[in-house]
Chemist: 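This structure is in structure tokens; I'll ask about it shortly.
Position 1 is the first residue of the sequence, and the numbers go up from there.
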Amino acid sequence: MVNVTYDSSGDLVSPYGVYNLGDIAWTLASTALVFIMIPGVGFFYSGLLRRKNALSMIYLSMMTVAMVSFQWFFWGYSLAFSSTASPFIGNLDNFALMNMLDQPSDGSPRVPTIVFCVFQLMFAAITPMIAIGAVAERSRLGPLLVFVFVWSTLVYDPIACWTWNPKGWSYILGGLDFAGGTPVHISSGTAALAISLYLGKRRGYGTVRLAYKPHNTTYVILGTVFLWFGWFGFNGGSALSANYRATEACIVTNLAASVGGLTWMLWDWRLERKWSAVGFCSGAIAGLVAITPGSGFVGTPASVLFGFMAGTVCNFATHLKFIFKFDDTLDIFASHAIGGIVGNILTGLFAQSSIAGADGITSIPGGWLDHNYRQLGIQLADSASGLSYSFVMTTIILWAMHYIPFLRLRCDEETEMLGVDDEEMGEFAYDYVGIEAEILPRQEYNNDATSGNREVHHSVSTSQEIKHEKAANAISAVQP
């Protein structure tokens with residue numbers, strides 16, 4: 001039984017500390033905000049794909065929440081945040097959430113560990129979901145359950161430990177990462193690159209058959225709305241307190257997203273003279289990714305540069321997949337890994353001790369603006385470590401699963417043609433999904449394909465219509 005009382009100001013008093021109810025409420029509300037981001041990723045990815053694969057991405061977003069929730073309870077939290085952790089990874093002192101109900105959290109003495117735990121769970125859940133978007137249109141769904149559990153254990157938890165745990169090497173070195181530039185975005189974006197390289201190219205790669213436009217731009221915008229909305233809790237909630245620092249984090253988050261969206265859209269406009277909604281949404285997310293590590297450290301003017309640089313660098317980084325010939329279907333590496341690196345570097349330049357100290361607790365030497373010139377080197381070391389570790393470990397996990405036949409991720413060609421939704425789930429996002437264009441012989445790929453639309457035809461052929469009509473008439477004739 002937890003032994004708690006209330007003091008005269010209404011704060012929660014336990015044998016281990018005094019917890020502020022307002023801070024607890026803000027952190028729990030931020031937990032809900034971050035949760036809504038996870039299906040937001042699913043809708044964003046779904047809208048960008050062909051309609052025959054639309055449902056699988058939305059399903060994967062909720063499957064990931066469920067699997068990581070169990071993993072986090074089982075040993076994920078302990079591996080990331082146990083108070084007796086090594087500089088690289090934690091231990092099992094808090095296995096199954098033992099010994100932590102009313103303990104003060106490492107993140108803030110004003111909230112208990114159990115509140116910090118459920119808040120961090122949402123970060124642990126969204127990270128593999130960002131990464132597995134790379135399996136789009138060419139993966140089996142069953143093995144992904146295993147992949148998410150193993151990847152969270154071997155990749156996310158160690159990086160979270162060395163970044164945010166007071167015992168972690170990057171934390172001790174002085175790395176500045178307020179809300180997950182390396183643990184969330186660099187790790188997931190780099191994992192997406194490893195997944196893309198492992199799975200190989202989709203059927204029809206290099207032909208106009210894959211030069212399609214997003215099948216549902218409304219889903220793309222809806223997913224962006226969920227993400228942008230939830231990011232106020234993602235960054236603002238990372239203050240773990242309803243204070244000036246959380247407010248500043250929310251302001252710079254919104255501004256970086258706005259500038260990032262406008263910048264990306266303008267770069268696209270210069271090529272096609274079209275005001276692209278998808279381009280705006282992509283840029284907004286790039287801006288959100290970049291501001292994540294610096295949101296509790298940088299001032300409002302700097303966030304404009306974060307948005308501009310993210311919208312520019314990530315836009316041009318989408319060409320890397322063409323230069324190096326890998327099939328990153330949803331440009332996850334360009335948006336998240338590159339965006340995270342941009343954010344980490346800019347944080348090293350523009351971090352200010354005055355912004356970090358707005359919570360009345362945090363004290364840092366700042367970045368280049370505060371004449372702390374070594375901070376940039378620390379940020380680069382943290383970025384390079386997260387990128388290399390995630391890529392190597394993800395590749396090892398994928399190939400280890402490859403040699404266990406029932407755990408191979410790559411689907412067969414028939415599944416790719418019919419769609420993952422039909423073959424793997426037996427369900428669809430829509431009442432009708434056209435696949436005529438997908439079952440053409442390979443040599444006919446270019447014969448009647450038109451650039452832009454994902455499915456050229458969304459109706460059955462005339463001969464099929466006649467057959468269906470004759471069958472319906474025959475049935476009607478024999479009924480009384």
Side-chain angles (χ1 to χ4, degrees), residues 27 30-31 34-35 37-38 64-101 103-109 111-131 147-173 175-191 233-235 237-240 292-293 296 340 344 382-383 385-387 389-390 392-394 397:
T27 305
S30 296
T31 301
V34 180
F35 174 89
M37 294 172 65
I38 304 171
T64 303
V65 172
M67 180 55 73
V68 176
S69 293
F70 173 75
Q71 188 270 354
W72 198 244
F73 152 78
F74 189 68
W75 60 24
Y77 176 82
S78 190
L79 293 175
F81 290 105
S82 60
S83 59
T84 54
S86 73
F88 179 74
I89 192 170
N91 51 38
L92 298 182
D93 281 358
N94 300 121
F95 175 79
L97 303 187
M98 295 187 299
N99 307 316
M100 55 177 289
L101 184 58
Q103 303 284 332
S105 71
D106 289 330
S108 170
V111 297
T113 296
I114 196 68
V115 174
F116 179 70
C117 172
V118 71
F119 177 66
Q120 284 294 333
L121 162 61
M122 297 303 139
F123 288 69
I126 196 173
T127 305
M129 179 55 210
I130 295 171
F147 176 81
V148 167
F149 187 94
V150 175
W151 189 89
S152 296
T153 301
L154 298 181
V155 180
Y156 178 80
D157 293 343
I159 298 178
C161 178
W162 81 51
T163 303
W164 289 322
N165 193 313
K167 300 293 179 64
W169 68 262
S170 181
Y171 188 99
I172 294 172
L173 191 62
L176 299 179
D177 194 334
F178 189 64
T182 300
V184 177
H185 297 296
I186 293 179
S187 71
S188 62
T190 308
F234 196 88
N235 289 350
S238 292
L240 300 175
T292 293
N344 277 352
D382 182 76
S383 300
S385 299
L387 187 148
Y389 179 79
S390 178
V392 171
M393 286 303 300
T394 303
I397 293 168

Chemist: Under the rule for ring pair (Phe, Tyr, Trp, His ring centres under 6.0 Å), what residues qualify as partners of Trp164, not counting sequence neighbours?
Modeler: none
Chemist: Taking only residues two or more places apart in sequence or in another chain, which ones pass side-chain contact (heavy atoms from CB on, under 4.5 Å) with Ser108?
Modeler: Ser105, Arg110, Val111, Leu240
Chemist: How far apart are the closest heavy atoms of Gly90 and Cys161, and which atoms are they?
Modeler: N-SG, 3.7 Å
Chemist: Can you measure from CD (Gln71) to CG (Asp157) and round to the nearest 0.5 angstrom?
Modeler: 5.0 Å
Chemist: Does Val65 have any side-chain contact (heavy atoms from CB on, under 4.5 Å) partners at least two apart in sequence or in another chain, and if so, which?
Modeler: Phe35, Ile38, Ser69
Chemist: Carefully, step by step, assess Trp72 and Cys117 under the rule side-chain contact (heavy atoms from CB on, under 4.5 Å).
Modeler: CA-CA 9 Å; Trp72 198 244; Cys117 172; 3.7 Å; yes
Chemist: Test of understanding: with side chain to side chain donor-acceptor pair (under 3.5 Å), list the residues that count as partners of Asn94, not counting sequence neighbours.
Modeler: none
Chemist: Looking at Thr84, is its backbone amide N or carbonyl O close enough to the side chain of Lys167 to form a donor-acceptor pair, meaning the two atoms are under 3.5 Å apart?
Modeler: no
Chemist: Does any pair with a residue in residues 113-131 pass side-chain hydrogen bond (donor to acceptor under 3.5 Å, both in side chains), and if so which ones, sequence neighbours excluded?
Modeler: none
Chemist: Applying the ring-ring contact (aromatic ring centres under 6.0 Å, His included) criterion to Trp162, which one of Tyr156, Tyr171, Phe88 satisfies it?
Modeler: Phe88
Chemist: Looking only at heavy atoms, which two atoms of Trp169 and Ser385 are closest? And how far apart?
Modeler: CH2-OG, 3.5 Å
Chemist: For Pro128, enumerate each residue passing the side-chain contact (heavy atoms from CB on, under 4.5 Å) test, keeping only those at least two apart in sequence or located in another chain.
Modeler: Thr64, Val68, Val148, Trp151, Ser152
Chemist: Hey, is the main chain of Ser187 close enough, under 3.5 Å, to the side chain of Ser390 for a donor-acceptor pair?
Modeler: yes
Chemist: Would you please name every residue forming a ring pair (Phe, Tyr, Trp, His ring centres under 6.0 Å) with Phe119, sequence neighbours left out?
Modeler: Phe123
Chemist: With sequence neighbours excluded, what pairs up with Leu92 under the side-chain contact (heavy atoms from CB on, under 4.5 Å) test?
Modeler: Trp75, Leu79, Phe95
Chemist: Hey, does Phe234 have a side-chain heavy atom less than 4.5 Å from the side chain of Thr292?
Modeler: yes
Chemist: In Å and rounded to the nearest 0.5 Å, what is the CD1 to CE distance from Ile126 to Met122?
Modeler: 10.5 Å
Chemist: Nearest 0.5 Å, what's the CZ-CZ distance between Phe149 and Phe74?
Modeler: 6.0 Å
Chemist: With sequence neighbours left out, what residues match Ser82 under side chain to side chain donor-acceptor pair (under 3.5 Å)?
Modeler: Asn91
Chemist: Which donor-acceptor pairs under 3.5 Å do the side chains of residues 176-183 make with protein atoms, sequence neighbours left out?
Modeler:
from, atom 1, to, atom 2, distance (Å)
Asp177, OD1, Gly180, N, 2.8
Asp177, OD1, Gly181, N, 2.7
Asp177, OD2, Gly181, N, 3.1
Asp177, OD2, Thr182, N, 2.8
Thr182, OG1, Asn344, ND2, 2.9
Thr182, OG1, Asp382, OD2, 2.5

Chemist: Measure from the side-chain N and O atoms of Asn165 to the backbone N and O of Ala80, and report whether any donor-acceptor pair falls under 3.5 Å.
Modeler: yes
Chemist: Distance from Tyr77 atom OH to Met98 atom CE, nearest 0.5 Å?
Modeler: 13.0 Å
Chemist: Tell me which one of Thr394, Ile186, Ile159 satisfies side chain to side chain contact (heavy atoms under 4.5 Å, CB included) with Tyr389.
Modeler: Ile159
